[in-house]
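As structure tokens, the structure follows; a few thoughts come after it.
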Amino acid sequence: MKYFNTEGSCNPKEHYMVCLDDRLGYIKKMLVDRKKYFIINRGRQYGKTTTLRALEKYLKEEYLVLSLDFQQLGSEDFADEATFSQALAEMIIRDFKMRNPVGGKAYEVLKKFVGKKAGMKNLFICLSSVCGKSPRPIVLMIDEVDSASNNQVFIDFLAQLRSYYLNRDRMPIFHSVILAGVYDIKNLRLKLRPDSEHQYNSPWNIAAKFNIDMNFSTVQIASMLAEYEADQHTGMDIQKISEEIYQYTSGYPVLVSSICKCMDEELPCSGAFVTLSSAWTKKGVEAAVKQILKESTMLFESMVKQLDIYKDLRGMIEDIIYRGRKITFSPEQKSISLGLMFGYLKEENGRVTIANRMFEMCLLNLFMAEESGNDIYAQGGSDRIGFIKENKLNMELVLKKFVEYFTDIYGQKEEGFIEKQGRKIFLIYLKPIINGAGNYYIEAQTRDERRTDVIVDYQGEQFIVELKIWHGSEYNERGERQLAEYLDYYRKDKGYMLSFNFNKNKKVGVKEIRVGDKKIVEAVV
């Protein structure tokens, strides 16, 4: 029986997975057939290895494919040029023997190279001979190139590839070269000479663009679920569930598989979802997301580590989440480039935004956990008992208590502080109130420097809370109408608004207003 896989590469004979034929056909036609050298660099668990394995099979009738993995090399193999050249030659020979019997005697010249302690120059003379004798054009794939990227000998290896690429009309060499890893080699701080400073230059400036979107679309997710449904007969609404999964993941491959795996294997064993059919619902998707965010996964751990290393990237993400800061997209900007490379950020309508809702929820949880020792968080925790009655959250009372607390502690702060910190303070206050039984996320479509909509899920009930900076009565009334329209989209009759007002004559407190057929509880601080 097939299952949803979240560990390592996927195999269509063993796992439920999206169909990659369109992707593979494009790579072959537009890149491999055109003799391109290129890089597949995407974030962790983005399906790079799965794509390479599938591409290897897709190309085998027309090409001889060498599929290498630099994780199989030890640190000692990068000790010097001769050691690396020997280790690489031995790896290529093993791959010829295992997967390329049609190669015949093409690799015999490499056998003579092994053991001679020769360097990179002699290795490429041999590789050129191998490519010349091969009965088919050779495509070289190297996975996990990041593990070698800071070694000088790897830079020398790239330089040789580049040199032969530029002169391939005069001497045979690989038909196409594909490197895969998280880091884009062109953007790494690589040490090109032992006595040089670290810089961004790279000998891999011959690489063609790899512009293929490796996120899953709702159509692809639906096709995967259709195969699952044919086996399990859950009665799910495939289109609706596909769209719901996409709303949380934006198609990030491992997150899609993680949600499906949780709904298939974990939820039916829990008390809330007695049957498999009950798990494959909108509530099931929400429960799976909540469960995954509680776990310590490799993907989320890697995110935390990278944000610890790259402080400017972290600062940019905090500005986007808390302040709704609009950052113009520019891939040349270092923090944006890093965020794109790791898969944490994306471009949307010329602006930088968080790549998907689950990443944003994970980041919010991280930032909130770091704030758990401060007075705001403690206040929310101590007030919590008064907000929960019969497992129901009284959001109106939450706003009333927050207004009292905020006015008492922060009422005299200057405008700049409130504008920068106000929404963050409310989110910190709210976190311990819903912790364990609920979650929240910020709606990306409405986030900007003036307005942020927070969607709170608590025990299956949703609350729409608009947080905004006061910019006059006219703007406020427009915000009320926007919230009413947003409530209509979510099929809600009641919404909540928290305004940070700098007008000295403002009336602090909570009131209820009506906009059309919608009821809005509006709090002003």
Side-chain angles (χ1 to χ4, degrees), residues 9 32 35 37 39 49 52-53 55-57 59-60 63-168 170-181 185 190-194 203-204 206:
S9 63
V32 175
K35 304 181 181 181
Y37 286 25
I39 307 164
T49 301
L52 287 183
R53 297 276 178 88
L55 185 61
E56 179 185 343
K57 294 179 180 178
L59 296 175
K60 69 179 182 180
Y63 297 98
L64 195 155
V65 181
L66 287 177
S67 183
L68 312 182
D69 184 344
F70 269 10
Q71 284 190 134
Q72 295 176 5
L73 296 177
S75 56
E76 67 278 3
D77 293 321
F78 295 95
D80 53 51
E81 187 179 309
T83 304
F84 174 79
S85 299
Q86 294 292 310
L88 185 61
E90 291 172 359
M91 182 182 287
I92 292 173
I93 290 171
R94 287 197 303 271
D95 195 76
F96 261 113
K97 289 181 177 179
M98 289 173 58
R99 283 191 286 267
N100 294 292
V102 297
K105 300 290 184 179
Y107 68 93
E108 291 294 332
V109 66
L110 277 178
K111 289 184 177 179
K112 299 176 183 178
F113 174 80
V114 173
K116 289 186 176 180
K117 300 296 182 184
M120 198 79 68
K121 177 181 176 181
N122 293 96
L123 171 64
F124 270 83
I125 291 173
C126 291
L127 290 176
S128 180
S129 177
V130 168
C131 292
K133 293 179 180 180
S134 174
R136 298 178 187 171
I138 297 180
V139 175
L140 175 65
M141 297 180 180
I142 305 178
D143 200 3
E144 300 293 345
V145 292
D146 329 58
S147 57
S149 58
N150 283 323
N151 291 281
Q152 179 63 40
V153 291
F154 177 65
I155 308 309
D156 295 338
F157 171 72
L158 290 181
Q160 286 289 334
L161 275 178
R162 178 181 183 276
S163 176
Y164 272 82
Y165 171 87
L166 295 175
N167 291 283
R168 57 186 176 172
R170 301 177 181 177
M171 60 188 81
I173 197 60
F174 302 113
H175 176 88
S176 178
V177 175
I178 307 168
L179 308 181
I185 295 168
L190 301 175
K191 202 168 188 177
L192 302 182
R193 298 184 303 276
W204 199 241
I206 57 172

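Values below: all heavy atoms of this structure, side chains included; hydrogens, waters and symmetry mates excluded. Positions are given from 1 along the sequence. Just so it is clear, the model here is predicted, and its values are computed rather than measured.
Taking 4.5 Å as the limit, every side-chain heavy atom of Val145 sits out of range of all side-chain heavy atoms of Ile39. Between Leu140 and Leu127 the shortest side-chain heavy-atom distance does not fall below 4.5 Å. A 4.5 Å side-chain heavy-atom check between Ile138 and His175 finds every atom pair outside the cut-off. When side chains are defined from C-beta on, Pro137 does not count as touching Leu64, because their heavy atoms never get closer than 4.5 Å. Within the 4.5 Å cutoff, no side-chain heavy atoms of Leu68 are placed close to those of Met141. Contact check for Val177 versus Leu161: side-chain heavy atoms found under the 4.5 Å cut-off. Between Phe96 and Ile93 there is no side-chain heavy-atom pair separated by less than 4.5 Å. In this structure, Leu158 and Leu179 have side chains that are in contact, with non-hydrogen atoms separated by less than 4.5 Å.
For the atom pair CD1 of Ile178 and CD of Glu56, the computed distance is 10.5 Å after rounding to the nearest 0.5 Å. Between the CD1 atom in Ile155 and the CZ atom in Arg162 there is a gap of 13.0 Å [rounded to 0.5 Å]. Atom NZ of Lys121 sits about 12.5 Å away from atom SG of Cys126, to the nearest 0.5 Å. Summarising the geometry, atom CG belonging to Asp69 is positioned 10.0 Å from atom CD1 belonging to Ile142; distances are rounded to the nearest 0.5 Å.
Ring-plane geometry between Phe70 and Phe154 is classed as perpendicular, the angle between the planes exceeding 60 degrees on a 0 to 90 degree scale with a lower cut at 30.
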Candidate pair Met120 and Phe84, rule side chain to side chain contact (heavy atoms under 4.5 Å, CB included), full reasoning:
CA-CA 8 Å; Met120 198 79 68; Phe84 174 79; 3.7 Å; yes

For the pair Ile206 and Leu166, evaluate side chain to side chain contact (heavy atoms under 4.5 Å, CB included) and give the outcome as yes or no after the intermediate values.
CA-CA 9 Å; Ile206 57 172; Leu166 295 175; 4.3 Å; yes

Start with the C-alpha distance between Asn122 and Phe113, add both sets of side-chain angles, then the distance that settles side chain to side chain contact (heavy atoms under 4.5 Å, CB included), and finish with yes or no.
CA-CA 8 Å; Asn122 293 96; Phe113 174 80; 3.8 Å; yes

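The nearest pair of heavy atoms linking Arg136 to Lys60 is NH1-O, 2.7 Å. Considering all non-hydrogen atoms of both residues, Ser67 and Asp95 come closest at O-OD1, 3.0 Å. When all heavy atoms are compared, the tightest approach of Ser128 to Pro172 is OG-O, 2.6 Å. Contact detail for Ser85 and Ala118: the closest heavy-atom pair is CB-O, 3.8 Å. Here the shortest heavy-atom pairing between Val114 and Ala89 reads CG2-CB, 4.1 Å. Closest heavy-atom contact between Ser9 and Thr49: CB-CG2, 3.9 Å.
For Ala180, the side-chain contact (heavy atoms from CB on, under 4.5 Å) criterion is met by Ile40, Leu52, Asp143, not counting sequence neighbours. Among residues two or more places apart in sequence or in another chain, the ring pair (Phe, Tyr, Trp, His ring centres under 6.0 Å) test is passed with Phe124 by Phe157, Tyr164. Legend: residues meeting salt bridge (charged side-chain N to carboxylate O under 4.0 Å, His left out) with Lys111, ordered by chain and number and at least two apart, are Glu108.
Although no hydrogens or angles enter the test, the distance criterion places no donor-acceptor pair under 3.5 Å between the side chain of Asp77 and the main chain of Leu73. Of the possible donor and acceptor atoms, none in the side chain of Gln71 sits under 3.5 Å from a partner among the backbone N and O of Glu144. Between the side chain of Asp80 and the backbone N or O of Thr83 there is at least one donor-acceptor pair closer than 3.5 Å. Between the Tyr165 side chain and the Phe174 main chain, no donor and acceptor come within less than 3.5 Å of each other. Remark: side-chain polar atoms of Arg168 are paired, donor with acceptor, to backbone N or O of Lys35 under 3.5 angstrom.
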